[in-house]
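What follows is a short report on a single structure.
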Amino acid sequence: MFTGIVEATGRIATQRERPGGTRRIVVATSLPVGRLPVGASIAVDGACLTVVARRAGRFEADLGPETLAKTTLGSRRAGDRVHLERPLRLGDALGGHMVAGHVDGVGRVTSARRRGDTLRLRIAAPSDIVRLIAPKGSITVDGVSLTVNGVERNVFSVLLIPHTLAVTCLGERRSGDRVNIEADLLARHIDRLISQRGPSRARR
């Protein structure tokens, strides 16, 4: 589990195709990843990956077919910056919200507008994700825990404060950019329970 509070940014150093439709990425970072055990989890732009090799200043992870299909990581290139977060430990403060690191899908930035020292992003999301997004609820965008300001049809908006702009890459996002989205876990489970009840029982 994660919280959506980004610890650091890293840069994709290299990536290469591997057998079985997978891809190996190497991420350079200032995080002390050299002390992470092989097999540990780490969130990269909101996607939970497994550390398969590491040394001081960088780690390696494999992107499986599902990750390549459902996230933006398949389109990342060497030199791109990414958000990094190590897993939540028992006793850690929950500064954001409960994040699984299981990206629900990819959204697209429709506008990025500066308002003083803040930035408002409007993001179009797939219909099966929009139904799980509510104003004042939580949302994870590229691994960053944010509060939803509003929802209009298939577009939701978030406001990035100066601190978020300083410690994440979201200030670099522009109209047309693709972003990873994970809906709130609680909303996802409630939606699942309601859909299992069926329309006739839900009306009672």
Side-chain angles (χ1 to χ4, degrees), residues 1-7 9 41 43-48 66-67 70-73 82-89 92-199 201-203:
M1 299 299 295
F2 305 92
T3 68
I5 303 299
V6 171
E7 290 188 89
T9 61
S41 297
V44 179
D45 268 0
C48 180
E66 181 76 0
T67 302
K70 294 292 184 66
T71 77
T72 63
L73 293 180
V82 290
H83 299 133
L84 302 175
E85 182 187 354
R86 290 170 295 181
L88 180 68
R89 296 174 299 178
D92 283 352
L94 184 60
H97 70 284
M98 296 301 292
V99 176
H102 302 155
V103 173
D104 290 307
V106 173
R108 188 175 296 276
V109 176
T110 62
S111 68
R113 295 180 180 176
R114 287 276 180 178
R115 293 189 176 183
D117 56 0
T118 66
L119 177 69
R120 184 177 298 278
L121 293 180
R122 288 172 52 83
I123 301 170
S127 58
D128 59 335
I129 300 177
V130 170
R131 62 185 291 175
L132 305 177
I133 302 174
K136 308 307 178 186
S138 297
I139 190 77
T140 308
V141 178
D142 279 347
V144 182
S145 174
L146 299 170
T147 299
V148 178
N149 288 140
V151 184
E152 299 177 12
R153 297 184 180 180
N154 71 321
V155 176
F156 68 93
S157 61
V158 291
L159 185 70
L160 309 181
I161 62 174
H163 177 76
T164 304
L165 293 172
V167 301
T168 76
C169 312
L170 292 181
E172 302 170 5
R173 302 295 183 258
R174 297 292 181 266
S175 181
D177 286 351
R178 299 165 70 244
V179 292
N180 293 327
I181 300 173
E182 181 185 329
D184 182 67
L185 280 174
L186 182 59
R188 185 190 303 169
H189 288 300
I190 291 175
D191 181 73
R192 174 68 173 169
L193 289 171
I194 292 174
S195 64
Q196 286 182 326
R197 291 177 62 188
R201 294 182 62 187
R203 285 196 296 267

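FYI, side chains are in, hydrogens and waters are out, and symmetry mates aren't considered; it's all heavy atoms of this structure.
- Of all non-hydrogen atoms in Asn149 and Pro135, the two that sit nearest each other are O-CB, 4.4 Å.
- The CG atom of Leu73 sits 8.5 Å away from atom CG of Asp142, with the distance rounded to the nearest 0.5 Å.
- Distance CG/Asp45 to OG1/Thr72: 5.5 Å, rounded to 0.5 Å.
- Not counting sequence neighbours, the partners of Asp104 by the salt bridge (charged side-chain N to carboxylate O under 4.0 Å, His left out) test are Arg188.
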Derivation of the side-chain contact (heavy atoms from CB on, under 4.5 Å) call for Phe156 and Leu146 = CA-CA 11 Å; Phe156 68 93; Leu146 299 170; over 6 Å; no
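- Counting only distance, with no hydrogens or angles, the side chain of Asp184 and the backbone of Ile139 share no donor-acceptor pair below 3.5 Å.
- The distance from the NE2 atom of His83 to the CD1 atom of Ile5 is 11.5 Å, given to the nearest 0.5 Å.
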Donor-acceptor contacts under 3.5 Å from residues 158-172 side chains, at least two apart:
unit_1: Thr168; atom_1: OG1; unit_2: Thr164; atom_2: O; d: 2.7
unit_1: Thr168; atom_1: OG1; unit_2: Leu170; atom_2: N; d: 3.2
unit_1: Glu172; atom_1: OE2; unit_2: Arg81; atom_2: NE; d: 3.1
unit_1: Glu172; atom_1: OE2; unit_2: Arg81; atom_2: NH2; d: 2.4

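- Side-chain atoms of Glu182 never come within 3.5 Å of backbone atoms of Val99 as a donor-acceptor pair (strictly under, hydrogens ignored).
- Take Ser41 and apply the side-chain contact (heavy atoms from CB on, under 4.5 Å) test, not counting sequence neighbours, and it matches Phe2, Cys48, Pro87.
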Cut-off 3.5 Å, no hydrogens considered: what does the side-chain donor-acceptor table look like for residues 106-126, sequence neighbours left out?
unit_1: Arg108; atom_1: NH1; unit_2: Gly176; atom_2: O; d: 2.6
unit_1: Thr110; atom_1: OG1; unit_2: Arg122; atom_2: O; d: 3.1
unit_1: Thr118; atom_1: OG1; unit_2: Arg115; atom_2: O; d: 2.7

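- Proximity of Thr140 to His97: side-chain heavy atoms (C-beta onward) are separated by under 4.5 Å at one or more points.
- The structure places CG of Leu88 at 6.5 Å from OG1 of Thr3, a figure rounded to the nearest 0.5 Å.
- Annotation: side chain of Lys70 is not in contact with side chain of Val103 (no heavy-atom distance under 4.5 Å).
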